[in-house]
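Numbers restart at 1 for each chain; the letters A, B, ... are given by sequence-line order, proteins then strands.
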There are 2 protein chains.
Amino acid sequence: MNSVNETTRDRRRIETQDRILTEARRLFAETGYDRTTIRAVAAAAQVDPGLVMHYFGSKQQLFARAAETESRPIVEGTAEEVAEQLLERLRASLIDEPVASLAVLRSMLTHPDAADEVRGNAHVRGSNIGKAIHGVDGALRADVLSAVLIGVVLGRHLLKLDQLADADPDKIVELLGPAVRSLTKG
Amino acid sequence: MNSVNETTRDRRRIETQDRILTEARRLFAETGYDRTTIRAVAAAAQVDPGLVMHYFGSKQQLFARAAETESRPIVEGTAEEVAEQLLERLRASLIDEPVASLAVLRSMLTHPDAADEVRGNAHVRGSNIGKAIHGVDGALRADVLSAVLIGVVLGRHLLKLDQLADADPDKIVELLGPAVRSLTKG
DNA sequence: AATTTCGTTCTACGGTCGTTGAATGACTCC
DNA sequence: GGAGTCATTCAACGACCGTAGAACGAAATT
């Protein structure tokens with residue numbers, strides 16, 4: 001059989017790899033790097049632990065693959081426009097929990113090696129915000145902004161602060177509007 | 001020997017327990033619950049692992065003891081006053097990293113059991129902010145505020161975002177002033 | 001000085017982990 | 001339809017973990 005038609009084997013292999021990766025992502029996000037075991041990922045994906053190793057090489061490489069996210073568009077424009085884009089991004093992160101990003105975040109906090117595997121992948125560090133913030137202390141204000149937004153997403157999805165976990169995303173975004181705008185303006 | 005005079009043994013025992021607790025706190029904060037091993041704590045405190053068990057019963061109880069912090073004073077007053085108190089508290093957390101609180105935070109993110117051991121100890125969840133914020137959505141605004149402040153401390157001490165990790169605490173507090181004030185006001 | 005107390009170490013068990021390499025058996029191809 | 005490929009499983013290893021209990025030796029008590 002030639003290379004354009006995919007065989008049954010090809011289909012099953014890809015399907016299995018996807019299943020492993022999906023479960024890995026979920027587990028890394030839910031329980032962090034250390035407490036996510038190869039064995040647990042394998043069980044969730046209904047395969048043998050050895051198969052996970054065979055496809056991904058090591059736990060570390062599995063994490064790296066699981067942590068891959070489509071790089072987000074760079075925010076840009078005037079201070080007001082940047083603020084609105086960030087708030088919109090926040091709203092999305094409040095509604096759908098950004099599984100891969102949370103996996104990275106949670107694991108960066110637990111396993112330095114996991115963080116190394118991710119460095120330069122800019123969903124956490126800066127989130128491409130840096131270049132969009134101008135004026136005095138632009139870089140610092142960008143980091144503060146990142147920290148603030150990370151804090152809110154973290155508080156809702158990981159810490160599950162009572163009110164924050166249940167609140168209407170629109171309401172949260174509304175409350176944070178002035179705070180975010182005060183930081184985008186130089 | 002009676003009970004008012006402390007013996008050499010008493011002194012050495014208390015000294016050893018303190019040493020273990022100090023190292024435990026440091027390690028829990030630095031590497032989180034899972035990656036902090038009883039053996040590592042023991043080695044850092046220069047004692048046998050068994051002694052740690054003997055004094056603290058289990059890893060979980062050791063963590064509970066390490067996570068104890070003096071409960072912080074409740075913030076109160078007008079919206080402006082609350083904002084100033086929170087900013088002052090933030091400044092302190094930016095200068096001296098709050099080791100015990102970070103240990104709790106880091107471990108809450110990695111080990112649910114560790115978090116359970118701490119529930120009701122209010123340094124993270126709410127930080128007693130809740131009752132001080134009045135007006136519409138007071139409880140929610142308190143949680144958002146907690147999340148924002150946690151995010152900044154986290155970004156500086158744990159994630160070590162470039163600019164945020166090195167910046168002058170006063171400068172950070174200054175930048176966050178408007179954001180915090182916008183959230184304390186109903 | 002003899003005896004008891006107790007702070008501390010030593011040794012070991014059972015369990016789980018990441019990882020490996022051989023074995024298996026269904027699918028592919030000629 | 002027989003040979004070969006390859007997705008997958010099986011069994012086992014060495015390492016490290018939390019934990020338990022016996023053993024030791026210096027301080028305390030009598």
Rounded to whole angstroms, how far apart are CZ on A:R35 and P on D:dC17? 15 Å

Does B:F56 reach a base, just sugar-phosphate, or nothing at all? Heavy atoms under 4.0 Å. nothing

Rounded to whole Å, please give me the gap between CG in A:D48 and P in D:dC6. 20 Å

Note: B:R26-B:E30 ion pair, threshold 4.0 Å (strictly below): yes

Does C:dG7 have OP1 or OP2 under 4.0 Å away from a side-chain N or O of B:R12? no

Donor-acceptor contact present, side-chain B:H157 to main-chain B:S93, <3.5 Å: yes

Short side-chain N/O contact from B:T16 to OP1 or OP2 of C:dG7, under 4.0 Å: no

Rounded to the nearest 0.5 angstrom, the NZ-CZ distance for B:K59 and B:R39 is 11.0 Å

Which whole-number value in Å describes the distance from B:R11 CZ to C:dT8 P? 13 Å

Could you check how far CD of B:Q46 sits from P of C:dT8, rounded to whole Å? 13 Å

Which one, C:dG18, D:dT19, C:dG7, comes nearest to the side chain of A:R39? C:dG18

To the nearest angstrom, the CG-P distance between B:L51 and D:dA26 comes to 17 Å

To the nearest Å, how far apart are A:K59 NZ and C:dG18 P? 4 Å

Identify whether the distance between the nearest side-chain nitrogen and carboxylate oxygen of A:R65 and A:E68 falls below 4.0 Å. yes

Would one find a side-chain N or O of A:T8 under 4.0 angstrom from OP1 or OP2 of C:dC27? no

NA contact type, B:R9, heavy-atom cut-off 4.0 Å: base, sugar-phosphate, or nothing? base

What integer distance in Å separates B:Y55:OH from C:dT8:C1'? 7 Å

Taking for each residue the nucleotide of DNA chain C with the nearest heavy atom, is it A:H54 or A:T37 whose nucleotide lies nearer the 5' end? A:T37

How are the rings of A:Y33 and A:F63 set to each other: parallel, tilted or perpendicular (split at 30° and 60°)? perpendicular

Grab the CE-P distance between B:M53 and D:dA20 for me, whole Å please. 5 Å

